[in-house]
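Just the heavy atoms: all of them, side chains too, but no hydrogens, waters or symmetry mates, feed the values below.
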Amino acid sequence: QVQLIESGGGSVQAGGSLRLSCLHSGLNKPYNCISWFRQSPGKEREGVASIEVPVRDLYYSDSAKGRFTITRDNAKNTVYLQMTGLRPEDSGVYLCAARLGGFCYQDYLEKPTEFPYWGQGAQITVEP
């Protein structure tokens, strides 16, 4: 059974930083893809960043490049999303998603339906 538990959400002023964590379990394939998506009111679910577990390929959306960093700690079964230079438009619910048994691809950030497993989400609010 795959479980994903996000933590680390909160409120921050524009320009600030936050780090999200996704504690995962049940990734029982040699290669897996974990991604962060953002859901904002009135908008489609938007992919932010992806990382392969346990290998190393990373992918970012254009809006995340240069500001967000996705990393993993295999010993802790945790994937992190370090966010810097936050903007009000980064506000939303951030969801951790997993896909078993394959690599990540850049276009998966545009295809949330490729991910069958989702966490409950963590709210991020960036104040102007």
**Q** Would a single hydrophobic cluster contain both V2 and L23, if residues Ile, Leu, Val, Met, Phe, Trp and Tyr are joined by side-chain heavy-atom contacts under 4.5 Å?
**A** no
**Q** Counting C-beta onward and ignoring hydrogens, is there a side-chain heavy-atom pair between S35 and F115 closer than 4.5 Å?
**A** yes
**Q** Could you tell me if the side chain of S50 sits less than 4.5 Å from the side chain of L109, heavy atoms only?
**A** yes
**Q** Could you check whether any side-chain N or O of R99 sits under 3.5 Å from a backbone N or O of E114, counting only pairs where one atom can act as donor and the other as acceptor?
**A** yes
**Q** Go through the steps for V79 and H24 under the test side chain to side chain contact (heavy atoms under 4.5 Å, CB included), then give the verdict.
**A** CA-CA 8 Å; V79 169; H24 59 81; 4.1 Å; yes
**Q** If we ignore hydrogens and angles and just use 3.5 Å, is the side chain of S91 paired with the main-chain N or O of S40 as donor and acceptor?
**A** no
**Q** What is the distance from atom CZ of R45 to atom CD of Q39, rounded to the nearest 0.5 Å?
**A** 5.0 Å
**Q** Can you confirm whether more than 12 heavy atoms, excluding those of Q123, are under 6.0 Å from its CD atom?
**A** yes
**Q** Is any side-chain heavy atom of V48 less than 4.5 Å from a side-chain heavy atom of Y94?
**A** yes
**Q** Would you compute the distance between atom OG1 of T125 and atom CG of D90 and round it to the nearest 0.5 angstrom?
**A** 11.5 Å
**Q** In this structure, are over 12 heavy atoms from other groups packed under 6.0 Å from E44 atom CD?
**A** no
**Q** Taking the side chain as everything from C-beta on, heavy atoms only, tell me whether E46 gets closer than 4.5 Å to S63.
**A** yes
**Q** Would you compute the distance between atom OH of Y117 and atom CD of Q1 and round it to the nearest 0.5 angstrom?
**A** 8.0 Å
**Q** Determine, for Y80 and R19, whether the Lys NZ or Arg CZ falls below 6.0 Å from the six-membered ring centre while staying within 45 degrees of the axis.
**A** yes
**Q** G85 and S17: which non-hydrogen atoms are nearest, and at how many Å?
**A** N-OG, 4.5 Å
**Q** So does R67 get a backbone contact from the side chain of T84, meaning a donor-acceptor N/O pair under 3.5 Å?
**A** yes
**Q** What is the distance from atom OH of Y59 to atom CD1 of I70, rounded to the nearest 0.5 Å?
**A** 12.0 Å
**Q** Indicate yes or no: at least one non-hydrogen side-chain atom of W118 is less than 4.5 angstrom from one of C96.
**A** no
**Q** Of all the heavy-atom pairs spanning L20 and A122, show the shortest one and how long it is.
**A** CD2-CB, 4.1 Å
**Q** Roughly how far, to the nearest 0.5 Å, is the CG atom of D57 from the CD atom of E52?
**A** 4.0 Å
**Q** To the nearest 0.5 angstrom, please state how far the CG atom of L4 sits from the CD1 atom of I34.
**A** 6.0 Å
**Q** Same cluster or not: L58 versus L27, using hydrophobic residues (I, L, V, M, F, W, Y) connected whenever any side-chain heavy atoms lie under 4.5 Å apart?
**A** yes
**Q** Please test K65 against D62 for salt bridge (charged side-chain N to carboxylate O under 4.0 Å, His left out), starting from the C-alpha separation and ending with a verdict.
**A** CA-CA 5 Å; K65 283 177 186 175; D62 287 343; 3.5 Å; yes
**Q** Looking at every non-hydrogen atom in both residues, tell me the closest pair between A49 and L81 and how far apart they are.
**A** CB-CD1, 4.1 Å
**Q** If you define the side chain from C-beta out and look only at heavy atoms, does anything of L95 sit under 4.5 Å from E6?
**A** yes
**Q** Indicate the atoms forming the closest heavy-atom contact of Y60 with Q106, along with that distance.
**A** O-NE2, 2.9 Å
**Q** Specify the closest pair of heavy atoms between P116 and A98, including all atoms of both residues, with the distance to one decimal.
**A** CD-O, 3.3 Å
**Q** So which atom in S21 and which in W36 form the shortest heavy-atom distance, rounded to 0.1 Å?
**A** O-CH2, 3.6 Å
**Q** Can you tell if the side chain of C104 reaches within under 4.5 Å of the side chain of I51, non-hydrogen atoms only?
**A** no
**Q** Going through the distances and angles, do F68 and L86 end up as a side chain to side chain contact (heavy atoms under 4.5 Å, CB included)?
**A** CA-CA 9 Å; F68 296 0; L86 283 162; 3.9 Å; yes
**Q** With side chains defined as the heavy atoms from C-beta onward, is the minimum distance between V12 and M83 less than 4.5 Å?
**A** no
